[in-house]
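Below is one structure, written out as structure tokens; the observations come after it.
In each ligand, atom 1 is the first atom listed, and ligand 1 is the first ligand listed. Just so you know, residue 1 is the first one in the sequence shown, and it goes up from there.
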Amino acid sequence: MTTKRKKHRALGLTVLFLFIWHGILLAQSAPTPKTQIVLLGTGTPAPDPERSGPSTAIVVNGTPYLVDFGAGVVRQAAAACKRGVRGLEAVNLRIGFLTHLHSDHTLGFPDLILTPWVVGRKEPLEVYGPSGTRDMAEHILKAYAADIDIRTGVKAGTGDTEHARISGYKVNVHEIQPGVVYKDQNVTVTAFAVHHGNWAHAYGYRFQTADRTVVISGDTSPDAAIVDNCHGCDVLIHEVYTQASFDKLSPEWKQYRMAYHTSSKELADTATKAKPGLLILYHRANPGCDQARTEECREAGSEEQLLKEIRKFYKGKVVAGHDLEIY
Ligand SMILES: [Zn+2]
Ligand SMILES: [Zn+2]
């Protein structure tokens with residue numbers, strides 16, 4: 001072999017080696033599927049400045065899926081985006097699920113329809129929810145018809161604006177029944193019926209991704225469906241109230257809580273059977289005490305009290321969720 005040929009061969013081998021090495025590096029740095037839970041709002045109907053209305057984002061490979069649209073939902077998503085969850089940029093908020101139509105879970109619905117559109121979302125919002133969701137969406141669009149007319153230029157006859165050409169303010173509503181309600185390359189979402197007082201349709205959701213199973217209770221009284229759907233899930237996010245605050249209530253409010261919500265002791269029982277890897281407490285409701293507005297009643301519903309009560313009866317891993325925490 002001539003020196004020139006040897007040089008060529010050596011060069012060829014080097015290129016081949018670099019090519020293979022590059023492939024190995026690519027394989028190593030390929031993004032593994034990753035599911036993040038971002039607590040956008042852990043609040044209740046009470047206007048607590050530290051807890052926005054109930055809303056949870058499941059972010060899978062950068063795509064966000066929202067559960068409930070409480071007051072402040074889009075601003076909370078923007079706050080999470082600023083903290084590094086880039087997928088929660090407003091224009092990416094396209095897919096959402098409603099557990100039920102109580103106002104605390106839907107006050108952010110107009111926000112979610114309109115704000116991302118105004119700042120550039122081009123696709124319609126896809127919303128999965130109980131019967132009644134379509135009516136609510138249509139009424140919201142009617143309420144904001146003047147705003148939409150002005151922005152799209154329809155009324156003024158200047159319908160060639162950027163806003164007019166895109167359908168980002170539209171809402172595609174999918175009214176659901178229990179079962180698999182959504183599936184894409186990131187996630188399979190299953191809805192299951194829960195009991196929430198006089199609501200005919202209230203749902204919890206189960207998110208199955210490549211790396212995690214996450215169950216969200218929505219608002220519910222103790223329900224075996226939570227146990228069945230979690231069944232050793234990675235994360236269970238569940239609403240709850242304290243027994244101590246319950247003890248201070250009028251008989252009427254006690255009845256209300258028993259029909260609509262879950263006590264610490266009842267949740268401990270549910271979680272003991274459901275065996276989640278992590279139990280996250282959210283929607284720490286205090287109905288009856290919120291209305292009584294006495295310090296003593298408020299204190300009885302505190303986070304410290306709640307954790308004390310839960311830990312007495314539940315030996316698994318449990319945390320009290322706060323707004324903008326990521327799990
Ligand atoms: Zn609620
Ligand atoms: Zn509710």
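- In summary, the aromatic rings of His283 and His261 are positioned with their centroids under 6.0 Å apart.
- Atom CZ of Arg75 is surrounded by 12 or fewer heavy atoms from other residues, nucleotides or ligands within 6.0 Å.
- The minimum distance between the Zn ion (ligand 1) and any N, O or S atom of Asp104 involves atom OD2.
- Taking the six-membered ring for Trp, His100 and His105 have ring centres closer than 6.0 Å.
- Within the 6.0 Å centre-distance limit, the rings of Phe207 and Phe97 are counted as a close aromatic pair.
- The atom of His283 nearest to the Zn ion (ligand 1) is NE2, with the search restricted to N, O or S atoms.
- Checking Asp211 against Thr209 by side-chain atom types alone, a donor-acceptor pair falls below 3.5 Å.
- Checking His105 against the Zn ion (ligand 1), an N/O/S atom falls under the 2.8 Å cut-off.
- Distances from the Zn ion (ligand 1) show that Glu239 has no N/O/S atom below 2.8 Å.
- For Asp219, the N/O/S atom at the shortest distance from the Zn ion (ligand 1) is named OD2.
- Because the distance cut-off is set at 2.8 Å, His102 qualifies as a neighbour of the Zn ion (ligand 2) through one of its N, O or S atoms.
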